[in-house]
Amino acid sequence: MTAAPIAATRPLRPLPEEAARLAWVDVAKGLCIILVVMMHSTLGTGEALGGEGFLHDVVEFARPFRIPDFFLLSGLFLGRVIDRDWRLFADRRVVHFAYFYALWVVIQSLFKAGSIVAGAEGPADKLAAFGLHLAEALVVPYSTLWFVYLLAVFSVVTKLLHRRVPPALLLVAAAVLQILPTSGLPELLDEFCERYVYFLGGYLFAEWIFRFADRVRERAGLALAGLALWAAMEAVFVFTPTGIESLPTLARLPVVSLGLGTVGALAIVAFAALMTRAGGPVTAALRACGERSIVIYLGFFLPMALTRTLIAKFNGTQPDLALDVGLASLVVTAAAVTVPLVFARLVRGTPLGFLFRRPAAFHIAPAPASPSRLRPGPVAPREA
């Protein structure tokens, strides 16, 4: 079924049946943000406690598809705004991300100010060192916020190339960039080359991906069998060593990593579609996380660090009751996911609401009439 084109003046409010069908997007985003937080929490906790636990295997299993799926999902709705004028496009896809990136760079930097200005003597030198750090963050994505930075970059690049480069050629070029070894390039270019193909794929194949999710819900048994086969193959590639120091497993090999990222992203789409069909509290929790994924992504670093530090101190003072690395990682992950959600709810409607909601003063075009949960319009054909 193909949705009718949506007029530019129509309020961005989905019909009830559309909202139900698109719930899987939020479920997929919720799973992805949890996996991202789990990765940071688990690796940091393992380093702090000096070991590894069962979640390290989960983190490694999810490595090939965790970030690719996030970018694919982020590209799904680009078709709704890519043909709008630059002012509206920039407001939705550039200023939006730039606002949160700049705000949370400052917030994260204030918490890490001690290490940032270490070595500087006197207030003036410390202030200069901190200012230099902030200036560097304008061109080098900072800490965990690199994802937000790249979303704005990907959106601008895609709009600039839209209708100027044939989609097939653009997709091939993006795939080649992902395959090429780029680890020696500046971080921004390295991440761009490695991730852009998934964002572009989400944009170019949005309609196909939505139809795929529809078919998964219609053929649940076949989809479950496919997911089981995928999980088995994923495990083989992820946990089979190559003997190459820079590419330790089969999953890290060029071309293979691109294939696993693509197939894994679609597997998450299928999983989310099936979860939406099944319903239940787990699905509701994943969907809630997905609807507020930006809140979790922006705010997880502080509760993660605090919980990890408390556990490390507890283990040091109470060795008989010490948490093992796996359980500790799970606790840190849970805190890092839930605390930002609770905090965002508490500050909603207060002067601190700007932390998670862009104020009107930082819009350069009228704000959307309602949250964006529409099915994306079909990608316009390239002009002759």
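Residues Trp208 and Phe212 place their aromatic rings such that the two centres sit under 6.0 Å apart. Ring centroid separation for the pair Trp24 and Phe210 comes in under the 6.0 Å cut-off. Between Trp86 and Phe89, a ring centre-to-centre spacing shorter than 6.0 Å is recorded. A centroid separation of less than 6.0 Å is found between the aromatic rings of Phe154 and Phe192. Trp104 has its ring centre no less than 6.0 Å from the ring centre of Phe300. Aromatic rings from Phe71 and Phe147 are positioned such that their centres are separated by under 6.0 Å.
A salt bridge links Asp214 with Arg217: the closest approach of a Lys/Arg side-chain nitrogen to an acidic carboxylate oxygen falls below 4.0 angstrom. A salt bridge is defined here as a Lys NZ or Arg NE, NH1 or NH2 lying under 4.0 Å from an Asp or Glu carboxylate O, and Asp26 with Arg292 fails to meet this definition.
A donor-acceptor pair under 3.5 Å links the side-chain atoms of Tyr101 to the main chain of Ala137, judged by distance alone.
Counting only residues at least two apart or on different chains, the salt bridge (charged side-chain N to carboxylate O under 4.0 Å, His left out) pairs with a member in residues 169-193 are Glu191-Arg195. Sorted by first and then second residue, the salt bridge (charged side-chain N to carboxylate O under 4.0 Å, His left out) pairs involving residues 245-268 (not counting sequence neighbours) are Glu60-Arg252. Listed by first and then second residue, the side-chain hydrogen bond (donor to acceptor under 3.5 Å, both in side chains) pairs that reach into residues 130-141 are Ser109-His133, sequence neighbours excluded.
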Working for salt bridge (charged side-chain N to carboxylate O under 4.0 Å, His left out), residues Asp83 and Lys159
CA-CA 8 Å; Asp83 284 318; Lys159 183 170 176 63; 5.8 Å; no
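Classified by interplanar angle (parallel below 30°, tilted 30° to 60°, perpendicular above 60°), the ring pair Phe100/His96 is perpendicular.
Looking at heavy atoms from C-beta onward, Phe77 lies in side-chain contact with Val25 at the 4.5 angstrom threshold.
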